[in-house]
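These numbers come from the heavy atoms of this one structure, side chains and all, not from hydrogens, waters or symmetry mates.
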Amino acid sequence: MAFFEQHIHSEPKTFISKYIFSFDHKVIGKQFLWYGIIGLGLGGMMALMIRWTLAFPGEAFPVLGHLLFPSTGGVVPPDTYAMLFTMHGTIMIFYAITPILIGAFGNYLIPLQIGARDMVFPLLNMLSFWIAAASALILVASLCLPLGAAAGGWTSYPTLSTLIGSPGAGQTLWSLALFLLGVSSTMGAVNYITTVIVLRAPGMGYFDMPLSVWGLWLTAILNAIFLPVLGAGLLLLIFDRVFGTTFFLAGAAATTGTGDPILYQHVFWIFGHPEVYILILPAWGIVSDLLSFFARKPAFGAKATALSMTSITILSTLVYGHHMYTTQMSPLLTQTFMTLTMTISIPSAIFFANWLGTIWKGSIRFDTPMIFSLGVVFVFGLGGLTGLYLATVTTDLYLHDTYFVVGHFHYTMAASVLLGGYAAIYFWMPKMFGKFLNEFWGKVHFWITMIGLNGVFMGMMIVGYAGMHRRLYNPFVYEFMEKMIPINTFITYSALLMGLGQIPFVINFVYTIFFKKEKEPVPNNPWNVGTLEWTIPSPSPVYNFKEIPVVKCGPHELGNPNLPEGKDFQYQTEEIVEA
């Protein structure tokens, strides 16, 4: 029993209290979902502009080019290109993936899957969303400044991100926006951690939690520890730009005193490498659950999977240095970081093997959430293996700052997280909105996305291995790169295909929420799984649970041969049926 009583919420009566300034974790989760989908659209459009420029240098961007870049006849100019890849990376990581997986599903799932009526701090939760919204407004507003938005890359290394490399207010607003987003995410992280510790239903031990909750909880712990580190670095960067301090300026660039540009890189990657796992742990947790549910088998090695994710969380705090092999770091340190980075592949391999063990000889149902989950298994395998080349000092020195790195982290972060996010949306749609997304268009969406993203990211690794630098406006001015033009054209056509593949999803999603009328009410448990959120009506009522449930078994009780004929799962509120 929780240490304090959980009251039943009264239903909000006004539009503002119900949809705008809501305290309900479910509404806040939906707000983050819309927020992330809009970010995905904006960041995706920027990606298409980048790809068009690389495939067709000097040609106007179709349709929008003349409207956005009238002074160059619709062609993306070099300074705008730098701004585009900066903002694309920033928006995709912080304003699309993070809000969809952590903001939307963290908020929506944690209380429901641990049997609570809400987060432990509902007001803090609501403030967290609106601070994130303010952060997004500041970032988008920076696009309208006379000298444009930030253009120092998504990592914003000094000196590129100081007034010397990025004059104007765009970079300052970028730093301020990310600082605010860090405040928002830290508030959310404190809420998630406390809620899981304090409000788990009676009988629910840590290993009785669904793996989705494990992923979200570990993510929150990383956020709470490392976001303040990034926040401190951003604050110092703002001081350098606004107040003339020299924390990150050295040599002739520092008119008074002297700082260290490499210090920023340490600060950034102390946060930045755990950030990779911050983004991917929720997807891993969700996929681990969905593979079990749709294979109709208990998750193979569920405790080992949870412990592996915990081990990765701990190790992720010790490996940031592998991003800095090229900064003339001490050889002893590079070898230490290489060893630690290689070590992280052990728990990764364990839970990857557990995924395979879960689907092995399973009675697999190929519904849309399952095929997206299988897509994660495939792309994460590729992303994980290619990461070994970047963890090794000798190969990283050659591949660093080439498109190989871009292909690798897009496979690991973008592809895995995007597919995991879509799997979650298709799976929990009935519980969130009381409606199903169309299965046929879901599968069309999956296959077009899967073909497109593999064309893009595999192509990137090939051109990167051939030596194509990742931040050049027109790399084909170099003679040896001219042979790369056809494959860059192929990558761009793949990106266009991937972009077009999102249209069925957007239409399906918007139509289902606003226009579709189900012929019959959606059942409470359409997927036949036993976690707690499926014991209550669809969509979930305001108060979640009339009675706080008592947990008697784990979340993956499927395929028990002792169950009565016609039933192959048990709710977590049921005693395990034994012979």
Side-chain angles (χ1 to χ4, degrees), residues 40 43-44 47 51 89 92-93 96-98 100-101 105 211-212 215 275-291 294-295 305 308-309 312 344-345 347-356 358-359 364 366-391 403-427 442-465 490-491 494-495 497-499 501-502 505:
L40 205 58
R51 286 309 320 169
M92 283 304 205
I93 290 172
I97 293 171
T98 301
I100 288 177
L101 275 172
F105 288 103
L211 291 167
S212 304
E275 169 70 7
V276 174
Y277 297 98
I278 285 168
L279 295 176
I280 205 167
L281 277 166
W284 284 348
I286 287 167
V287 167
S288 300
D289 279 336
L290 295 192
L291 290 177
F294 286 92
T305 300
S308 296
M309 288 199 288
I312 291 168
I344 220 167
S345 61
S348 302
I350 291 173
F351 82 74
F352 189 81
N354 286 349
W355 283 353
L356 301 182
T358 300
I359 56 180
I364 297 175
F366 289 100
D367 294 297
T368 305
M370 182 59 169
I371 59 173
F372 272 102
S373 301
L374 292 172
V376 174
V377 176
F378 177 76
V379 296
F380 176 68
L382 282 176
L385 287 173
T386 53
L388 295 175
Y389 294 90
L390 302 173
Y403 257 89
F404 187 91
V405 178
V406 183
H408 158 71
F409 76 67
H410 274 83
Y411 257 125
T412 310
M413 292 170 66
S416 300
V417 174
L418 188 69
L419 297 179
Y422 281 136
I425 291 172
Y426 281 97
F427 183 70
K443 286 171 180 165
V444 170
H445 173 213
F446 169 77
W447 284 111
I448 297 178
T449 302
M450 196 68 181
I451 293 168
L453 74 82
N454 278 291
V456 175
F457 305 144
M458 185 67 76
M460 283 178 172
M461 286 200 289
I462 292 170
V463 295
Y465 192 74
F490 168 78
I491 296 171
S494 299
L497 179 69
M498 187 176 168
Q502 308 318 302
F505 168 73

Does some side-chain heavy atom of [Y] sit less than 4.5 Å from a side-chain heavy atom of [X]?
X: T358; Y: T305; result: no
X: I359; Y: M370; result: yes
X: T449; Y: L419; result: yes
X: L211; Y: M309; result: yes

Closest heavy-atom pair and its distance - [X], [Y]:
X: I93; Y: T98; answer: O-OG1, 2.6 Å
X: L453; Y: A415; answer: CD1-CB, 3.8 Å
X: V287; Y: G420; answer: CG2-CA, 4.5 Å
X: S212; Y: D289; answer: OG-OD2, 2.6 Å
X: A495; Y: R51; answer: CB-CG, 4.0 Å
X: I312; Y: S348; answer: CD1-OG, 3.6 Å

Separation between [atom1] of [X] and [atom2] of [Y], rounded to the nearest 0.5 Å:
X: Q502; Y: L418; atom1: CD; atom2: CG; value: 6.0 Å
X: M460; Y: F409; atom1: CE; atom2: CZ; value: 8.0 Å
X: L291; Y: L356; atom1: CG; atom2: CG; value: 9.0 Å
X: T368; Y: F505; atom1: OG1; atom2: CZ; value: 11.5 Å
X: I448; Y: H445; atom1: CD1; atom2: NE2; value: 8.5 Å
X: I100; Y: L40; atom1: CD1; atom2: CG; value: 5.0 Å

Apply the test side-chain contact (heavy atoms from CB on, under 4.5 Å) to residues F404 and L390: give CA-CA distance (whole Å), side-chain angles for both, the deciding distance (0.1 Å), then the verdict. CA-CA 9 Å; F404 187 91; L390 302 173; 4.0 Å; yes

Decide yes or no on side-chain contact (heavy atoms from CB on, under 4.5 Å) for I462 and Y403, but give the supporting numbers first. CA-CA 8 Å; I462 292 170; Y403 257 89; over 6 Å; no

Tell me if the aromatic rings of F427 and F294 count as close, with their centers under 6.0 Å from one another. yes

For M413, does its backbone N or O pair with a side-chain atom of S416 as donor and acceptor, under 3.5 Å? no

Ignoring hydrogens and angles, state whether a donor on the side chain of H408 or Y389 is under 3.5 Å from an acceptor on the partner side chain. no

Working note: L290 + F372, criterion side-chain contact (heavy atoms from CB on, under 4.5 Å); need CA distance, chi angles, decisive distance, verdict. CA-CA 10 Å; L290 295 192; F372 272 102; over 6 Å; no

Determine, stepwise, if the pair W284 / F352 fulfils side-chain contact (heavy atoms from CB on, under 4.5 Å). CA-CA 10 Å; W284 284 348; F352 189 81; over 6 Å; no

Aromatic plane relationship, F351 with W355 - under 30° parallel, 30 to 60° tilted, over 60° perpendicular: perpendicular

All ring-ring contact (aromatic ring centres under 6.0 Å, His included) counterparts of Y411, not counting sequence neighbours: F457

